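Notes for the one structure printed next.
The structure presented is a predicted model; accordingly, all values stated were derived computationally and were not measured. All values below come from the heavy atoms of this structure, side chains included, with hydrogens, waters and symmetry mates left out. Both counts, for ligands and for their atoms, begin at 1 and track the order of listing. Along the sequence shown, residues are numbered consecutively beginning with 1.
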Amino acid sequence: DKGNHRHFMQKEIYEQPEVLSHTLGAFVDMTTGRTRIPNGQTLDFSNVRRIALSACGTGYYAALVGRYYLERYARIPCDLDVASEFRYRESPLGDVDLALFVSQSGETADTLASLRYAKGEGLRIASVVNVQESTIARESDVVLPTLAGPEIGVASTKAFTCQLISLAALAIHAGVARGVISPERELELTRSLAEVPRLANEALALEDTVEALSREMATKRHALFLGRGFSYPLAMEGALKLKEISYIHAEGYAAGELKHGPIALIDDTMPVVVIAPHDRSFEKTMSNMQEVAARGGRIILFTDAKGAAGSGSDMASTVVLPDMPEILTPIIYAIPLQMLAYHTAVQMGTDVDQPRNLAKSVTVE
Ligand code: F6R
């Protein structure tokens with residue numbers, strides 16, 4: 001049932017404040033502000049030397065944010081692969097002693113094969129999964145549940161942001177276990193995570209602004225998405241969402257890679273989506289944005305009030321998000337990117353919930 005929404009995808013975008021709150025509740029005791037592994041399980045990070053993450057598609061971009069979180073908040077080195085490569089690469093696992101998988105369906109063939117490979121190599125297995133009765137959940141030592149509820153739209157939305165909030169809480173939990181996050185800092189970070197439902201609602205309120213921008217996007221054949229740091233995985237996720245449902249060719253790049261090739265694509269017809277909250281990467285991303293502007297690129301900038309003030313915003317269509325702590329930006333900035341893909345696809349009249357050639361669950365390789 002789509003309720004009063006036109007598509008399941010739109011309904012699922014709107015469910016995010018609620019399902020993010022449920023998912024957070026599994027990982028954080030909201031009365032004490034302490035993180036935990038859900039359902040009474042334990043996962044001891046104190047002696048983990050290295051983590052190998054793998055997943056497919058949107059799950060892979062969630063894992064990429066997860067790596068940034070685990071490295072920044074828990075100081076654990078991480079490897080990351082798309083599952084279709086991990087399963088065959090036979091990479092020497094060296095000091096890896098935990099394998100972490102991310103999957104909405106829990107049935108993705110390549111992710112499951114990677115899990116079995118890692119298990120065969122004697123690694124401990126933890127998985128962030130949305131479908132609790134899935135094969136990946138059953139075969140994992142530790143199940144990190146996302147409580148997004150059933151996701152019907154083929155393009156993943158609420159499952160992705162729930163994966164991000166789980167990984168954020170997990171990274172904080174790991175940081176505490178390793179003594180790199182003090183108990184006070186843990187409380188501060190979980191208080192930030194508790195702001196997610198409110199901030200997600202504020203992001204949803206940008207729908208009309210984003211819809212207006214989608215009208216021009218719907219006239220394009222190509223688009224480029226740029227981000228740095230925490231926003232780099234989002235650039236790739238934003239591009240994936242757009243190409244999946246609107247069939248516009250879109251590429252996500254680390255903003256710092258612009259000069260190394262993609263800048264050749266920029267002319268006055270090229271839409272460039274820049275994701276740049278006013279964080280530690282902001283100034284660098286702005287200088288990349290200026291390079292795009294100097295070549296006439298049509299910029300759509302997602303930033304906050306401080307970022308808008310510092311961007312020389314006359315060169316971009318700017319969508320202003322609320323201010324938020326850095327750890328939240330991937331979760332909240334995902335929402336307007338989902339809406340941009342959604343409204344572009346609606347303008348173009350594609351089958352948003354069932355895009356051509358795609359299946360919700362990829363159970364063959
Ligand atoms: C993108 C999308 C796919 C899936 C991928 C992995 O919107 O839905 O890229 O993310 O097929 O699926 P799961 O997470 O079920 O393993």
How far does CD of Glu251 sit from CD of Glu257, to the nearest 0.5 angstrom?
-> 11.5 Å

Check: Asn130/Thr146 side-chain N/O donor and acceptor closer than 3.5 Å | yes

Side chains of Thr135 and Glu107: is there a donor and an acceptor less than 3.5 Å apart?
-> yes

Return the residue, atom name and 0.1 Å-rounded distance of the protein heavy atom closest to atom 14 (O) of ligand 1.
-> Gln104 N, 2.6 Å

Which ligand 1 atoms are under 4.0 Å away from a heavy-atom of Gly59?
-> 10 (O)

Nearest-contact summary for atom 11 (O) of ligand 1 - protein heavy atom, Å = Val362 CG2, 4.1 Å

Sub-4.0 Å atoms of ligand 1 with respect to non-hydrogen atoms of Ala155 = 7 (O)

Quick check: does Gly57 get an N/O under 3.5 Å from an N/O on ligand 1?
-> no

Which atoms from ligand 1 have a heavy atom of Ser105 less than 4.0 Å away?
-> 13 (P), 15 (O), 16 (O)

If you measure every N/O of Lys360 against every N/O of ligand 1, is any gap under 3.5 Å?
-> no

For the residue pair Thr31 and Asp29, confirm or rule out a side-chain donor-acceptor distance under 3.5 Å.
-> yes

Specify the protein heavy atom at minimum distance from atom 16 (O) of ligand 1: its residue, its atom name, and the distance to 0.1 Å.
-> Thr108 OG1, 2.4 Å

Report yes or no: do Ser140 and Ser127 form a side-chain donor-acceptor pair below 3.5 Å?
-> yes

Glu365 side chain to Ser84 side chain, donor-acceptor N/O pair below 3.5 angstrom = no

To the nearest 0.1 Å, how far is atom 3 (C) of ligand 1 from its closest protein heavy atom, and which atom is that?
-> Thr58 N, 4.1 Å

Note: ligand 1 atoms sitting under 4.0 Å from heavy atoms of Glu244 are 1 (C), 2 (C), 7 (O)

How far is atom 5 (C) of ligand 1 from its nearest protein heavy atom, and which residue and atom name does that atom have?
-> Cys56 O, 3.6 Å

Is there a path from Val129 to Leu144 through hydrophobic residues (I, L, V, M, F, W, Y) whose side chains come within less than 4.5 Å of each other?
-> no

Can you find an N or O of Gln163 that's nearer than 3.5 Å to an N or O of ligand 1?
-> no

In this structure, which one of Arg36, Arg191, Arg34 forms a salt bridge (Lys or Arg N to Asp or Glu O under 4.0 Å) with Glu186?
-> Arg34

Within one Ile-Leu-Val-Met-Phe-Trp-Tyr cluster: Leu301 and Val319, side-chain cutoff 4.5 Å | no

Starting from atom 8 (O) of ligand 1, locate the nearest protein heavy atom and write down its residue, its atom name and how far away it is, to 0.1 Å.
-> Val154 O, 3.2 Å

Does Lys241 reach ligand 1, in the sense of a heavy atom lying below 4.0 Å from it?
-> yes

Ligand 1 and Ser156, any nitrogen or oxygen pair closer than 3.5 angstrom?
-> yes

Consider only side-chain N and O atoms of Ser156 and Gln104, and report whether a donor and an acceptor are under 3.5 Å apart.
-> no

Ser361 near ligand 1 by a heavy-atom separation under 4.0 Å = no

